[in-house]
Amino acid sequence: MVQLRYIIPSGANRVVFIIAPLLTFVLALVAWAVIPFGMWDGGKIVISDINVGVLYLFAISSLGVYGIIMSGWSSNSKYAFLGGLRSAAQMVSYEVSIGFVLITVLLFAGSLNLSAIVEAQRGGFWHWFWLPLLPMFAIFFISALAETNRHPFDLPEAEAELVTGYNVEYSAFTFALFFLGEYMNMILMSAMTSILFLGGW
């Protein structure tokens, strides 16, 4: 029988320490429920085609901050706590700009449904929203890089002074859950860029 082994610091809050990476991973996974992947036999390939898909994604991405705050606090380490605060501040600040960009796309498409946003761009390359909303496209791309901690916005990692930030006390599978969530969020932001500006499927 295989046992998962990981180290929990002696001063850490054990329950919150384990829940934090699980929360980060589960929220990154749940966000994919409203992403439309295409059409097949006249129907859309999407898990849940809800009319408020954009609001759902915005709410889920906002909840992702809690996993980072919980991991920084529960580790009972000043380095992890400072890293958690930095990551949370960066995520919250760039979500504001993403929200403003989403408003402009919604005004163009006339719907909060992601499938309807893709349908509004029907007609080929010159009908996609990237051209009339080019400044918003650039802002969304930059904000998505910052939201997912990609270079040059990888300040929360801050190897020199914060020792990788909020996940410094994590190891093994709990550490892997953070990075699975982070990379799923990167792919999600890529999918959102495609759906909102590049014609979707």
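Every value quoted in this text rests on a predicted model; they were computed, and no experiment measured them. Note: hydrogens, waters and symmetry copies are ignored here, and every other heavy atom, side chains too, is used.
Every pair tested for side chain to side chain donor-acceptor pair (under 3.5 Å) that includes a residue from residues 183-201 fails, sequence neighbours excluded, so the list is empty. Applying the side chain to side chain donor-acceptor pair (under 3.5 Å) test to every pair with at least one member in residues 60-69, sequence neighbours left out, gives these pairs: Ser62-Glu95. Counting only residues at least two apart or on different chains, no ring pair (Phe, Tyr, Trp, His ring centres under 6.0 Å) pair has a member in residues 38-63. Within the structure, no pair that satisfies the salt bridge (charged side-chain N to carboxylate O under 4.0 Å, His left out) test touches residues 55-67, not counting sequence neighbours.
Residues Phe179 and Leu29 fall within the same hydrophobic cluster, defined by Ile, Leu, Val, Met, Phe, Trp and Tyr side chains chained together at heavy-atom separations under 4.5 Å. Under a hydrophobic-cluster definition in which Ile, Leu, Val, Met, Phe, Trp and Tyr are linked whenever side-chain heavy atoms come within less than 4.5 Å, directly or via other members, Val46 and Val105 are assigned to different clusters. Tracing side-chain contacts under 4.5 Å through hydrophobic residues (I, L, V, M, F, W, Y), one reaches Phe197 starting from Val34; they form part of the same cluster.
Met91 meets the side chain to side chain contact (heavy atoms under 4.5 Å, CB included) test with Val65, Ile68, Glu147; sequence neighbours excluded. Remark: Pro132 engages Phe108 in a side chain to side chain contact (heavy atoms under 4.5 Å, CB included) (not counting sequence neighbours). Under the side chain to side chain contact (heavy atoms under 4.5 Å, CB included) criterion, Ile139 pairs with Ser97, Val101, Met136, Ser143, sequence neighbours left out. Phe178 meets the ring pair (Phe, Tyr, Trp, His ring centres under 6.0 Å) test with Tyr166, Tyr170; sequence neighbours excluded. Taking Trp32 as the reference, Ile35, Phe37, Met184, Ile187, Leu188, Ala191 meet the side chain to side chain contact (heavy atoms under 4.5 Å, CB included) condition, with sequence neighbours excluded. Every residue was checked against the salt bridge (Lys or Arg N to Asp or Glu O under 4.0 Å) condition with Arg14, not counting sequence neighbours, and none meets it.
Taking CG of Leu180 as the start and CZ of Phe25 as the end, the distance is 5.5 Å to the nearest 0.5 Å. Distance check: Phe17 CZ to Ser71 OG gives 8.5 Å after rounding to the nearest 0.5 Å. Distance check, rounded to the nearest 0.5 Å: CE of Met189 to CZ of Phe140 gives 5.5 Å. For the atom pair Leu55 CG and Leu106 CG, the distance stands at 7.5 Å (nearest 0.5 Å). Annotation: the span from Leu27 atom CG to Ile60 atom CD1 amounts to 5.5 Å, rounded to 0.5 Å. Between atom CG of residue Leu177 and atom CD1 of residue Ile18 there is a gap of 9.5 Å, rounded to the nearest 0.5 Å.
In terms of heavy atoms, Gln90 sits closest to Ala146 at NE2-O, 2.8 Å.
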Could you go through the side-chain contact (heavy atoms from CB on, under 4.5 Å) check for Ile45 and Met39 one step at a time? CA-CA 6 Å; Ile45 303 172; Met39 299 283 282; over 6 Å; no
Verdict with supporting geometry, Val15 and Asn13, side-chain contact (heavy atoms from CB on, under 4.5 Å): CA-CA 6 Å; Val15 175; Asn13 185 325; 4.1 Å; yes
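Counting only distance, with no hydrogens or angles, the side chain of Arg150 and the backbone of Thr148 share a donor-acceptor pair below 3.5 Å. Checking side-chain atoms of Asn76 against main-chain N and O of Gly11 turns up a donor-acceptor pair under 3.5 Å. Looking at Glu169, its side chain never comes within 3.5 Å of a backbone N or O of Ile8 through a donor-acceptor pair.
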Compile the donor-acceptor pairs under 3.5 Å between side chains in residues 112-123 and protein atoms, sequence neighbours left out, one pair per line.
unit_1: Asn113; atom_1: OD1; unit_2: Ser115; atom_2: N; d: 2.8
unit_1: Asn113; atom_1: OD1; unit_2: Ala116; atom_2: N; d: 3.4
unit_1: Asn113; atom_1: ND2; unit_2: Asp49; atom_2: OD1; d: 3.4
unit_1: Asn113; atom_1: ND2; unit_2: Ile50; atom_2: O; d: 3.4
unit_1: Asn113; atom_1: ND2; unit_2: Asn51; atom_2: OD1; d: 3.4
unit_1: Ser115; atom_1: OG; unit_2: Asp49; atom_2: OD1; d: 3.1
unit_1: Glu119; atom_1: OE1; unit_2: Arg122; atom_2: NE; d: 3.2
unit_1: Glu119; atom_1: OE1; unit_2: Arg122; atom_2: NH2; d: 2.5
unit_1: Glu119; atom_1: OE2; unit_2: Arg122; atom_2: NH2; d: 3.3
unit_1: Gln121; atom_1: OE1; unit_2: Phe129; atom_2: N; d: 3.2
unit_1: Gln121; atom_1: OE1; unit_2: Gly199; atom_2: N; d: 3.0
unit_1: Gln121; atom_1: NE2; unit_2: Ile117; atom_2: O; d: 3.3
unit_1: Gln121; atom_1: NE2; unit_2: Ile195; atom_2: O; d: 2.7

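For the pair Asn167 and Thr174, the minimum side-chain heavy-atom distance is 4.5 Å or more.
In the hydrophobic clustering (ILVMFWY side chains linked at under 4.5 Å, chained through shared members), Ile103 is joined by Val96, Phe100, Leu107.
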